[in-house]
Amino acid sequence: MESDCRLPGSCCRPRVLVLHALFWGLVSLRVFGAALLSEEKMSVMSAVTPCWLTDDFVVTEECARCSDFNTVVSFQKSQMACKQTGYVERVNCSRTRREEYRSCRSSLMEEHLFWKFEAAMLALTALFSVLVVVRQRSLDRLASEKVRRQIESI
């Protein structure tokens with residue numbers, strides 16, 4: 001009688017089965033626990049929804065860097081919005097008449113990020129081009145050496 005197990009006797013041991021069950025139980029508990037926590041966070045976040053997500057709004061101050069705010073009150077209100085992009089704009093909601101801050105993307109920041117990306121891609125292109133040329137030369141050298149040895153052996 002042969003066993004289907006690759007390691008004889010190790011598959012059917014109760015200790016191994018218990019360890020497998022324990023491991024997969026912990027993994028599934030971790031996954032389902034994370035799913036439950038994210039649902040709780042979503043319900044808490046939906047209770048404190050900014051008015052500009054649900055209501056029409058008017059932008060009262062254009063997108064500006066967070067450090068440009070001088071007053072402490074506006075800084076405290078805009079602190080959460082500043083964490084996302086570093087830029088914030090003031091909006092006035094139509095229905096609730098509340099003034100809030102929301103994170104925004106500056107065109108200057110976008111242009112700066114674009115040119116950083118372009119420079120990184122240019123540097124990577126140059127690096128890999130050099131690597132391709134070096135590799136091709138070494139392969140050519142190996143091939144010519146192999147041909148030379150074959151000719152010498154004749």
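All residue numbers in this chain count up from 1 along the given sequence.
Salt bridge Arg141/Glu145: absent, no basic N to carboxylate O contact under 4.0 Å.
Phe128 and Leu139 fall into different hydrophobic clusters, where Ile, Leu, Val, Met, Phe, Trp and Tyr side chains are chained together by heavy-atom contacts under 4.5 Å. Under a hydrophobic-cluster definition in which Ile, Leu, Val, Met, Phe, Trp and Tyr are linked whenever side-chain heavy atoms come within less than 4.5 Å, directly or via other members, Leu131 and Leu124 are assigned to the same cluster. Under the 4.5 Å side-chain contact rule for hydrophobic residues, Leu127 and Phe117 share a cluster. Under the 4.5 Å side-chain heavy-atom criterion for Ile, Leu, Val, Met, Phe, Trp and Tyr, Tyr87 and Leu113 are members of the same hydrophobic cluster.
Note that CD of Glu152 is 11.0 Å distant from CD of Gln150, once rounded to the nearest 0.5 Å. Note that CG of Leu142 is 14.5 Å distant from CZ of Arg137, once rounded to the nearest 0.5 Å.
Pairing each heavy atom of Glu89 with each of Val59, the nearest pair is OE1-CG1, 3.8 Å. Heavy atoms only, all atoms of each residue included: Thr60 and Val91 are closest at OG1-N, 4.2 Å. Taking each heavy atom of Ala64 and Cys104 in turn, the nearest pair found is N-SG, 4.5 Å.
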Side chain to side chain contact (heavy atoms under 4.5 Å, CB included) evaluation trace for Arg102 with Phe57: CA-CA 11 Å; Arg102 76 175 195 159; Phe57 62 89; 3.4 Å; yes
Just do the side chain to side chain contact (heavy atoms under 4.5 Å, CB included) check on Lys146 and Arg149 with the steps written out, would you? CA-CA 5 Å; Lys146 184 177 179 182; Arg149 276 185 282 159; 4.2 Å; yes
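A distance-only check finds a donor-acceptor pair linking the side chain of Ser94 to the backbone of Asp56 [under 3.5 Å].
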